[in-house]
Amino acid sequence: MLWQRAEQVRTNHRDSMPDPVVTRFAPSPTGFLHIGGARTALFNWLYARGRGGKMLLRIEDTDRERSTQAAVDAILDGLSWLGIAWDGEVIFQFARSARHREVAEQMLASGHAYRCYASAEELTQMREAARREGRSKLYDGRWRDRDPREAPPSVKPAIRLKAPLTGETVIDDQVQGRVAWQNENLDDLVLLRSDGTPTYMLAVVVDDHDMGVTHIIRGDDHLTNAARQKQIYDSLGWHVPTMAHIPLIHGPDGSKLSKRHGALGVDAYRAMGYLPPALRNYLVRLGWSHGDQEIFSTEEMIEAFDLPQIGRSPARFDFAKLENLNGHYIRQSADAELVTAIDRLLLHLANGANLAAKLTPRLRQQFLTAMPSLKERAKTLIDIIDGAHFLFADRPIPLDDRAKALLTLEAKALLGETAQELIAVEPWTSEGIEQAVRRLAERRGLKLGAVAQPLRAALTGRITSPGIFEVLAVLGKEESLGRVLDQLTDADVSLRAP
RNA sequence: GCGCCCUUCGUCUAGCGGUCUAGGACAUCGCCCUUUCACGGCGGAAACACGGGUUCGAUUCCCGUAGGGCGCGCCA
């Protein structure tokens with residue numbers, strides 16, 4: 001069994017080597033894998049990988065109402081896409097409730113827990129009174145030492161921890177430092193509900209122990225829970241794992257991260273055209289630093305990552321920096337890899353199927369040829385797709401407003417001349433085309449831009465694009481001339497064919 | 001309300017008592033490159049929340065104040 005194995009591992013190593021590092025990522029499957037969870041997973045993964053350890057994955061699905069299989073799938077899919085691999089089988093917490101109950105019974109037997117018969121109304125009253133009087137202890141421990149024979153016959157008891165009354169509970173946190181709570185402020189938490197199901201507090205402690213978790217790295221929204229969990233560990237006589245509570249990610253305005261801010265599922269980042277290495281790089285630098293280094297390969301991250309360098313203040317999510325980093329990784333990527341990445345991305349885009357259908361072998365080749373200049377101009381994969389719109393467009397290609405405005409009568413006349421020049425170009429190479437166009441501009445005493453811009457408008461339908469000679473070369477002679485001629489059909493402009 | 005945590009350029013951060021005229025990155029502004037847009041290069045502007053201590057000396061240590069966050073369920 002899982003916990004026996006963990007126990008065994010622990011004993012075997014007690015006198016020899018320090019325990020191998022075991023971390024865990026423990027999301028509850030009530031929604032997608034959001035960006036904060038992704039960072040927590042990344043930190044756990046990096047820490048384990050950097051020390052030859054393991055990162056386990058536990059799905060905290062004890063809330064039967066809110067847990068869904070779709071959410072489990074989304075979490076696994078999100079982690080996989082991000083390149084964060086967990087070790088071993090995925091553990092589902094709900095499946096372990098018998099074990100949790102067993103531990104609660106054990107604590108009852110050893111006198112570390114007791115049955116509480118307080119009713120929901122009583123509890124509410126106690127809570128309200130405590131708040132009113134400024135006390136932080138919400139449950140007064142009224143059944144702690146009371147004779148169970150006094151129990152009301154109709155009430156099913158919950159099992160509560162007999163927490164220490166005096167002294168303090170201390171967590172030596174790798175990120176937060178020494179954090180202490182006065183025990184008089186902590187009340188007796190519920191271990192087992194009256195319906196016999198374990199609470200989160202109990203389940204987490206038991207699972208982390210049984211799984212042999214050595215390092216708990218999680219959001220600092222759990223810091224207060226850590227104190228209560230420490231009390232459970234102590235009651236059980238179990239070794240407390242090393243804790244590291246990392247600050248949460250905030251929105252750009254410093255408030256809680258909302259959907260509008262970027263609290264999206266990682267699938268949304270995929271759909272926005274971000275690359276996993278870029279997202280990982282962005283996330284690892286959010287709250288953690290390694291001197292002045294900004295760019296980290298996966299290997300470098302694993303090598304450099306450590307807990308003490310994590311800051312204690314919450315970081316704000318900044319799309320601009322993510323974009324910049326993504327642009328960096330896009331420029332860094334091989335052209336073929338980007339085409340492949342876009343192939344995969346198309347599966348997740350609303351109009352992806354349409355574009356995918358257009359990707360004939362010929363177009364794919366054009367796409368690949370254009371990639372060096374496309375990726376230079378892109379911050380996301382979506383930018384690349386958008387930049388390549390001139391490849392996907394069908395004749396006659398639609399012109400946007402600014403392109404239309406650019407194609408004045410004079411411009412069209414010039415375009416006509418350019419077309420004549422181009423007809424003579426052979427072979428159809430970027431260099432040959434450039435020579436021809438430059439020659440024309442020179443002969444007419446024009447700046448290159450004066451010739452290039454109308455050409456760009458006619459070929460791409462826009463006023464910005466990759467280098468115009470590359471566009472011409474990639475499109476091919478026939479298509480290029482066709483697009484130019486499409487713009488010259490007005491009665492007042494005629495191309496005098498030779 | 002109670003408990004706990006946080007506070008260096010707009011943002012992410014370096015700094016771990018003198019090296020700070022506070023460094024880097026993103027964003028921003030200017031210039032250069034240039035067929036557009038980018039990329040790239042160069043340069044500029046930009047911060048130690050406030051008030052007390054401790055110390056020969058505080059961005060660094062301590063205490064307050066202010067501001068922000070998290071937690072406070074028989075949710076996870």
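Letters A, B, ... mirror the listed sequences (proteins, then strands); counts begin at 1.
- For the pair A/Ser194 and B/C74, the criterion of a side-chain N or O lying under 4.0 Å from OP1 or OP2 is not met.
- Neither OP1 nor OP2 of B/U35 sits under 4.0 Å from any side-chain N or O of A/Arg456.
- OP1 and OP2 of B/A76 both lie 4.0 Å or more from every side-chain N or O belonging to A/Arg64.
- A donor and an acceptor atom sit less than 3.5 Å apart, one in the side chain of A/Arg377 and one in the base of B/C37.
- Looking at the side chain of A/Arg312, the nearest of the listed nucleotides B/C5, B/A27, B/G69 is B/C5.
- At the heavy-atom level, A/Arg160 lies under 4.0 Å from the strands shown only through sugar-phosphate atoms.
- Residue-level contact check: A/Ala118 touches the bases, meaning some heavy atom is under 4.0 Å from a base atom.
- Summarising the geometry, the separation between CZ on A/Phe319 and C1' on B/C12 is reported as 15 Å, rounded to the nearest angstrom.
- Side-chain atoms of A/Ser373 and A/Glu470 form a donor-acceptor pair, as typed in the model, at a separation below 3.5 Å.
- Proximity note for A/Arg285 (side chain, C-beta onward) versus B/U35, B/A76, B/C12: the nearest is B/C12.
- Across all strands shown, A/Pro466 has heavy atoms under 4.0 Å from base atoms, whether or not it also approaches the sugar-phosphate.
- Under 4.0 angstrom from either OP1 or OP2 of B/A14 there lies at least one side-chain N or O belonging to A/Ser289.
- Remark: the A/Lys321 side chain and the B/A25 base include a donor-acceptor N/O pair separated by less than 3.5 Å.
- Within the 4.0 angstrom heavy-atom criterion, only backbone atoms of the sugar-phosphate kind lie near A/Leu223; the bases stay farther away.
- In this model, the phosphate group of B/C39 is approached by a side-chain N or O of A/Lys379 to a distance below 4.0 Å at OP1 or OP2.
- Remark: A/Asn225 is not in phosphate contact with B/G71, judged by side-chain N or O atoms under 4.0 Å from OP1 or OP2.
- Contact annotation: A/Arg131 side-chain N/O to B/G73 OP1/OP2 distance is under 4.0 Å.
- With B/G24, B/U11, B/U36 as the choices, the nucleotide that has an atom nearest any side-chain atom of A/Glu294 turns out to be B/G24.
- Annotation: B/A22 and B/C16 have their C1' atoms spaced 14 Å apart (nearest Å).
- Of the residues in residues 440-449 of chain A, A/Leu448, A/Gly449 come within less than 4.0 Å of RNA chain B through at least one heavy atom, sorted by number.
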Polar atoms only, N or O, under 3.5 Å: list the protein pairs with nucleotides 62-66 of chain B and their distances.
none

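- Within the 4.0 angstrom heavy-atom criterion, base atoms lie near A/Ser465.
- The base of B/G3 does not come close enough to the side chain of A/Asn185 for any donor and acceptor atom to sit less than 3.5 Å apart.
- Aromatic pair A/Phe25/A/Trp86: ring centres not closer than 6.0 Å.
- Rounded to a whole Å, the CG atom of A/Asn324 is 14 Å from the P atom of B/A38.
- Proximity of A/Arg127 to the phosphate of B/C74: a side-chain N or O atom is located under 4.0 Å from OP1 or OP2.
- When heavy atoms are screened at a 4.0 angstrom cut-off, A/Leu123 is found touching base atoms of the nucleic acid.
- Nucleic acid contact class of A/Ser313 (heavy atoms, under 4.0 Å, all strands): sugar-phosphate only.
- Relative to the side chain of A/Val190, the nucleotides B/C74, B/G69, B/A76 differ in distance, and B/C74 lies closest.
- Annotation: cation-pi geometry satisfied between A/Arg160 and A/Tyr139 (NZ/CZ under 6.0 angstrom from ring centroid, within 45° of ring axis).
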